[in-house]
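To keep things clear, I will list the structure first and then write my remarks on it.
Everything numeric here is computed off the predicted structure, so don't read it as measured data. Residue numbers run from 1 in the order of the sequence given.
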Amino acid sequence: LKKGHLLCMIAGKVCRKPIAAVTRNPRSEVNCLSNIRKALGALRGNPHMSQKFIWKEQEIYRGDRTVIIGLLEDMRRCFDRLPPRRMGAEYHADGPYLGPDDLEELLNDEQQEDDETI
């Protein structure tokens, strides 16, 4: 995600609106940060998006895994139209969010289909 191009693609899907003027193969830190800022700027305008990680462009550029994983999780919650997490000590009180509950059922169904074809 350091170059920001993939982050812009994901943010565009989350916001249901493509992000314009993204540099596809940025070669400089300035261009990478520009892409990251465009993605985070689009996310900031979404009322379902948590504010915790969308101001961390330098950390994303440096590859801070905690920030990147937190941002991706918050983006998933936003995409699923869940309310943003509460800020503060209880931010992760409800554990990691991996998607809707029916995702587990879908994965189990796919595993059963795979087992039947073997």
Side-chain angles (χ1 to χ4, degrees):
L1 295 180
K2 176 180 179 170
K3 293 183 178 186
H5 178 254
L6 178 59
L7 184 60
C8 284
M9 289 175 51
I10 298 169
K13 295 288 185 190
V14 168
C15 295
R16 292 167 172 82
K17 179 180 170 187
I19 297 173
V22 175
T23 304
R24 291 196 179 271
N25 293 309
R27 299 183 191 274
S28 69
E29 179 179 348
V30 171
N31 289 346
C32 293
L33 286 170
S34 174
N35 282 348
I36 292 169
R37 287 183 185 117
K38 287 173 187 174
L40 298 181
L43 294 168
R44 286 181 195 126
N46 191 315
H48 295 281
M49 186 66 196
S50 171
Q51 300 292 302
K52 182 167 181 144
F53 299 108
I54 58 176
W55 300 96
K56 307 271 186 183
E57 61 237 13
Q58 288 292 332
E59 290 85 345
I60 294 167
Y61 178 73
R62 286 195 311 264
D64 184 317
R65 290 180 181 167
T66 302
V67 170
I68 291 169
I69 290 170
L71 177 64
L72 290 171
E73 181 181 352
D74 286 348
M75 289 169 71
R76 177 60 194 255
R77 289 178 62 91
C78 179
F79 183 78
D80 290 341
R81 300 289 191 213
L82 295 176
R85 291 185 186 264
R86 292 185 206 133
M87 296 299 284
E90 295 186 18
Y91 189 80
H92 292 288
D94 58 348
Y97 179 71
L98 303 175
D101 291 337
D102 58 335
L103 180 63
E104 186 174 325
E105 290 177 29
L106 177 65
L107 293 174
N108 287 336
D109 290 345
E110 287 180 6
Q111 181 62 44
Q112 287 176 354
E113 289 175 11
D114 289 345
D115 291 344
E116 290 172 4
T117 60
I118 293 178

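In this structure, NZ in K3 is found 11.0 Å from OG in S28, a value given to the nearest 0.5 Å. The distance from atom CG of L40 to atom CG of N35, rounded to the nearest 0.5 Å, is 11.0 Å. The distance from atom CG of L1 to atom SG of C8, rounded to the nearest 0.5 Å, is 10.0 Å.
G4 and I36 get closest at one heavy-atom pair: CA-CG1, 3.8 Å. In plain terms, the two heavy atoms of R44 and Q51 that are nearest each other are O-NE2, 4.1 Å. Closest heavy-atom contact between A11 and M75: N-CE, 3.6 Å.
Looking at R76, its side chain never comes within 3.5 Å of a backbone N or O of V14 through a donor-acceptor pair. A donor-acceptor pair under 3.5 Å is formed between the side chain of R77 and the backbone N or O of P83. The closest donor-acceptor contact from the side chain of N46 to the backbone of H48 lies under 3.5 Å.
Heavy-atom contacts from other residues, nucleotides or ligands closer than 6.0 Å to NZ of K38 number more than 12.
Residues F53 and W55 fall within the same hydrophobic cluster, defined by Ile, Leu, Val, Met, Phe, Trp and Tyr side chains chained together at heavy-atom separations under 4.5 Å. Both F79 and L6 are members of a single hydrophobic cluster when ILVMFWY side chains are connected at heavy-atom separations under 4.5 Å.
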Residue pair L43, D74: steps toward the side-chain contact (heavy atoms from CB on, under 4.5 Å) verdict:
CA-CA 10 Å; L43 294 168; D74 286 348; over 6 Å; no
Can you check side-chain contact (heavy atoms from CB on, under 4.5 Å) on L7 and L71, steps first, answer last?
CA-CA 10 Å; L7 184 60; L71 177 64; 3.9 Å; yes
List the atom pairs, donor and acceptor, that lie under 3.5 Å between side-chain atoms in residues 17-25 and the rest of the protein, sequence neighbours left out.
residue : atom : partner : partner atom : Å
R24     : NH1  : H5      : NE2          : 3.2

Return all side-chain donor-acceptor pairs below 3.5 angstrom for residues 56-68, not counting sequence neighbours, or 'none' if the list is empty.
residue : atom : partner : partner atom : Å
E57     : OE2  : R37     : NE           : 3.3
D64     : OD1  : T66     : N            : 3.0
D64     : OD1  : V67     : N            : 3.1

